[in-house]
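For reference, the structure discussed in these notes is given below.
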Amino acid sequence: MSAVLNFKSHLAHLFAEALRVVAPETQATILIERPKQASHGDYACNLAMQLAKPLRQSPRNIAQALIAALPASDVIEKVEIAGAGFINVFITTAAKQAVVKTVLHAEAEYGRGNIGAGRKVQVEFVSANPTGPLHIGHGRGAAVGDCLCNVLAASGWDVTREFYYNDAGAQIDNLRSSVQLRCQGITPDDPSWPENGYRGDYIADVARSYMAQETVEADDQHITGKGDVHDKEAIRHFAVAYLRREQDQDLRAFRVGFDVFSLESALYSEGKVAATVEKLIASGHTYEQDDALWLRTTDFGDDKDRVMRKTDGGFTYFVPDVAYHLDKWQRGFTRVINEQGADHHSTITRVRAGLQALNVGIPQGWPDYVLHQMVTVLRNGQEVKISKRAGSYVTLRDLIDEVGCDATRYFLAARSPDSQLVFDIDLATSKSNENPVYYIQYAHARIQTVLKQCEGLVFGDANVGLLDSEEEKTLLQQLIDYSEVVETAAHDLAPHLIAFYLKDLAADFHRYYNATRFLVDDEVVKLARLSLCAATAQVIRNGLGLLGVNAPDTM
RNA sequence: GUGCCCGUAGCUCAACUGGAUAGAGCACUGCCCUUCUAAGGCAGGGGUUACAGGUUCGAUUCCUGUCGGGCACACCA
């Protein structure tokens, strides 16, 4: 099992050696890439073209010299010069065939790496205010964040998943008053209903439950409705607990879990906000003006200074945010990634500025952010406007019920967070076979059906040397690529790459399936082909696992 | 007006972070099931990569500008 499978880094080493011989004085980055066309080999290196200028020679001549200096390797079939000076490397089929046994031996471990080396990383995601059910935007955050965590964990990071509740401040007060009005029998169509009050029906549910003195369980607390219309504090407590429970249930249905829940209110009650303010004042980056306390965020790249303490004595929201992130740092997270909607992007500069002002050794540019763009929802060809206050929006729960957890997760995680996402509910439901997630799951189910017909196979005996058809070689290479895809997804914080990879892998398998019969009379051939099938199924399972999507045995 | 993200086939999206002839799915046309799941495969048409410059051996990718879409620009969170 000592076979070389990471051809890319293997070749990079060989070319580095060749570079040392050909141009010992010259610095160049060794880049090994996968050509688009099979005729260009399995891997290509553009080193010769990079060296043309410094060496003042033609790229093709340099390529000759590099090839001559390339150390021998038994995984290389042949090396060619092509085009302007590309060096194309062909890998022996035997070296690729080894992947089958590697996968079957490693099973769920296949594709895992150790770039993270056990270092701690904390990923904060979803972090919805407990003022209503989770909507599709939170769903995108949940899907992307969870998959990102999985990918980081698969790369050797020690991941902590965290959810931050903004359970203090104006929005919560607004929630409380909306519930209180409902308790008093006042509805949103009443003229006295405040303009920015929450209008959704769920507010009435909270009120009913409170008045009925029901008990809700959220996190580790049990809160019972007091039934007193005038007890603002009791209503606030109950409403927050009620909605947290709803969110917890939605997240559980979405198969997303968290290690830590942090409460904004706790930052106040534990004195962390006050302590942060004191540190900021001591740092000398604050000043009083117009009866308010300001932080000179312009010292750290902001375009204007920001108010910390308002004239009314309350803090602006970014103060507890800075306190929260200081807390993360003090908990030992030298790496923190915040997955949020793009509408939060203006906070990045302020939070980072506040942390720099504290001058406690936090590096510039800490923490990292992954911002996902907005999700547009189409229903009946019409855009559904998301407005919590108006009460009209698509909840995550609706999507899970209508579209299914697997398809919803796939849809929301399968695109670059940088681009806006159109979620067409009709497409995802009525024509579910158009959904790519079924295409991938179908490949897995097909394999399982075939394997089920042959009990007691011992793949260790398989002669993988027989796997040399075009379809088989393509599939082998695809299986080899998996580890690299996981590594790239973790490095670039781009979990959607897993989804694209799986679609390609499934396509390669379906093509193989249509071109090849597995259950043939020749037992040796059969065993070899089934071993490749089994390895493919394993990689599909591993990849879908990272996306949090099931790999069913039958469909 | 300022900052950030985006603009690729009719639609939804790729393109290994600067590589070779820009690829998939959906839709459209025609084939392939008495054989392991046709939720599949094969073949075909469809492109001035929004536009204009620039950087270099080479640009969908990087830089500048223009146009278009989204988000954010409070002593709201």
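Letters A, B, ... mirror the listed sequences (proteins, then strands); counts begin at 1.
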Quiz item: Cut-off 3.5 Å, side chains only: do A/E472 and A/Y512 have a donor facing an acceptor?
Solution: yes

Quiz item: Side chain of A/T311, base of B/C75: donor and acceptor closer than 3.5 Å?
Solution: yes

Quiz item: Given the P atoms of B/G30 and B/A52, what is the spacing between them in whole Å?
Solution: 38 Å

Quiz item: Quick check: does any side chain N or O of A/S531 sit under 3.5 Å from a backbone N or O of A/F459, one acting as donor and the other as acceptor?
Solution: no

Quiz prompt | Stacking of A/H344 on B/A72 base (centres under 5.5 Å, planes under 30°) | solution = no

Self-check item: Base orientation of B/U17, syn vs anti, 90° cut from 0
Solution: syn

Quiz prompt | Nucleotide nearest A/Q453 when distance is taken to its side chain, options B/A20, B/U37, B/A77 | solution = B/U37

Self-check item: Proximity to the side chain of A/V307 - top-ranked nucleotide from B/U17, B/A77, B/C75
Solution: B/C75

Quiz item: Contacts to RNA chain B from residues 476-499 of chain A, heavy-atom cutoff under 4.0 Å, which residues?
Solution: A/D492

Quiz item: Which ones in residues 515-532 of chain A lie close to RNA chain B, meaning a heavy atom under 4.0 Å from one of its atoms?
Solution: A/T516, A/R517, A/F518, A/L519

Quiz item: Between A/Y513 and B/A38, does any side-chain N or O lie under 4.0 Å from OP1 or OP2?
Solution: yes

Self-check item: Any pair counted as side-chain hydrogen bond (donor to acceptor under 3.5 Å, both in side chains), so long as it reaches residues 31-42 of chain A, sequence neighbours left out
Solution: A/R34-A/D481, A/D42-A/K96

Practice problem: Kindly confirm whether the side-chain ring of A/F86 is stacked on the base of B/A20, judged by centres under 5.5 Å and planes under 30°. | Solution: yes

Quiz item: With a non-hydrogen cut-off below 4.0 angstrom, is A/A342 in contact with a base, only sugar-phosphate, or nothing?
Solution: sugar-phosphate

Self-check item: Nucleotide B/U61, atom C1' - distance to CD of A/E33 in whole Å
Solution: 13 Å

Exercise. Side chain of A/M49 only, please: which of B/C57, B/A20, B/A77 is the nearest?
Key: B/C57

Quiz item: Across all strands shown, which nucleotide pairs with B/A72 by Watson-Crick or G-U wobble geometry, both distances under 3.5 Å?
Solution: B/U2

Quiz prompt | Nucleotide nearest A/H510 (side chain, heavy atoms from C-beta), chosen from B/G40, B/C75, B/G70 | solution = B/G40

Self-check item: Rounded interatomic separation in angstrom, taking CG from A/D508 and P from B/G40
Solution: 15 Å

Exercise. Compute both the distance and the angle, then confirm whether A/R306 meets the cation-pi test with A/F318: under 6.0 Å from the six-membered ring centre, within 45 degrees of the axis.
Key: no

Quiz item: Side-chain N or O of A/Q340 less than 4.0 angstrom from OP1 or OP2 on B/C71?
Solution: no

Quiz prompt | side-chain N/O A/R511 vs B/C42 OP1/OP2, d < 4.0 Å | solution = yes

Quiz item: Hey, does A/T349 reach any base, or is it just sugar-phosphate, or nothing, if we go heavy atoms under 4.0 Å?
Solution: nothing

Practice problem: For B/C4 and B/G40, measure between their P atoms and round to the nearest Å. | Solution: 43 Å

Quiz item: Is the distance from OP1 or OP2 of B/C57 to the nearest side-chain N or O of A/K53 less than 4.0 Å?
Solution: yes

Quiz prompt | Value in whole Å for how far the P atom of B/C26 lies from OH of A/Y438 | solution = 16 Å

Exercise. Name the nucleic acid region contacted by A/D418, choosing base, sugar-phosphate or nothing; use a 4.0 angstrom heavy-atom cut-off, strictly under.
Key: sugar-phosphate

Exercise. Report the nucleotide, chosen from B/C16, B/U21, B/G70, that has the shortest atom-to-atom distance to any side-chain atom of A/Q37.
Key: B/U21

Quiz item: Quantified in whole Å, what is the C1' atom distance between nucleotide B/A39 and nucleotide B/U21?
Solution: 33 Å

Exercise. Would you mind reading off the distance between A/L55 atom CG and B/C57 atom C1', rounded to a whole angstrom?
Key: 14 Å

Quiz item: Picking from B/G70, B/A38, B/A77, which would you name as closest to the side chain of A/R446?
Solution: B/A38

Quiz item: If the P atom of B/G18 is compared with that of B/U2, how far apart are they to the nearest Å?
Solution: 28 Å

Quiz item: Would you say the base of B/A77 and the side-chain of A/D167 have a donor-acceptor pair closer than 3.5 Å?
Solution: no

Self-check item: Nucleotide nearest A/H345 when distance is taken to its side chain, options B/G3, B/A39, B/A77
Solution: B/G3

Quiz prompt | Residue met sooner reading RNA chain B from 5', once A/N46 and A/N166 are mapped to nucleotides | solution = A/N46

Quiz item: Is there a donor-acceptor pair under 3.5 Å between the side chain of A/D167 and the backbone N or O of A/E264?
Solution: yes

Quiz item: Would one find a side-chain N or O of A/Y439 under 4.0 angstrom from OP1 or OP2 of B/G41?
Solution: yes

Self-check item: For A/D173, salt bridge (charged side-chain N to carboxylate O under 4.0 Å, His left out) partners two or more places apart
Solution: A/R176

Quiz prompt | Carboxylate-amine/guanidinium contact A/E124 A/K328, below 4.0 Å | solution = yes

Quiz prompt | Basic-acidic side-chain contact under 4.0 Å: A/R140, A/E339 | solution = no

Exercise. Starting from P on B/U17, measure out to CD1 on A/I32 and report it in whole angstrom.
Key: 11 Å

Quiz item: Taking only residues two or more places apart in sequence or in another chain, which ones pass side chain to side chain contact (heavy atoms under 4.5 Å, CB included) with A/A28?
Solution: A/L19, A/L47, A/Q50, A/L51

Self-check item: Nearest-angstrom distance from the residue atom CZ of A/R306 to P of B/A72
Solution: 15 Å

Quiz item: Counting side-chain heavy atoms from CB outward, which of B/U37, B/A77, B/G69 is closest to A/T449?
Solution: B/U37

Practice problem: Determine the Euclidean distance between corresponding C1' atoms of B/U60 and B/C51; express it in Å to zero decimal places. | Solution: 14 Å

Exercise. Indicate syn or anti for B/C33, taking the glycosidic torsion and treating anything within 90° of 0 as syn.
Key: syn

Practice problem: Just jot down the side-chain hydrogen bond (donor to acceptor under 3.5 Å, both in side chains) partners of A/T349, sequence neighbours excluded, or say none. | Solution: none

Quiz item: Within this structure, what is the CD-to-P distance between A/Q373 and B/A72, rounded to whole angstrom?
Solution: 11 Å

Quiz item: Between the side chain of A/H444 and the main-chain N/O of A/Q441, is any donor-acceptor distance below 3.5 Å?
Solution: no

Quiz item: Quantified in whole Å, what is the P atom distance between nucleotide B/G54 and nucleotide B/G23?
Solution: 27 Å

Quiz item: Could you state the CG-C1' distance from A/N88 to B/C16, rounded to the nearest angstrom?
Solution: 15 Å

Quiz item: Looking only at atom C1', what distance separates B/A72 and B/A77, rounded to whole Å?
Solution: 14 Å

Quiz item: Considering only the P atoms, how many Å lie between B/C6 and B/U61, rounded to the nearest integer?
Solution: 13 Å

Quiz prompt | Opposite nucleotide pairing with B/G30, Watson-Crick or G-U, both atom distances under 3.5 Å | solution = B/C42

Self-check item: Closest nucleotide among B/A20, B/C75, B/A39 to the A/Y442 side chain
Solution: B/A39

Quiz item: Which heavy atom of A/P130 sits nearest a heavy atom of A/L243, and at what distance?
Solution: O-CD1, 3.3 Å

Quiz prompt | Proximity to the side chain of A/K304 - top-ranked nucleotide from B/A77, B/C73, B/G40 | solution = B/C73

Quiz prompt | Pairing partner (Watson-Crick or G-U wobble, both distances under 3.5 angstrom) of B/G7 | solution = B/C67

Quiz item: Do we get A/R446 above A/Y513's six-membered ring, with its NZ or CZ under 6.0 Å from the centre and within 45° of the axis?
Solution: yes

Quiz item: Can the ring centres of A/Y369 and A/H345 be said to be less than 6.0 Å apart?
Solution: no

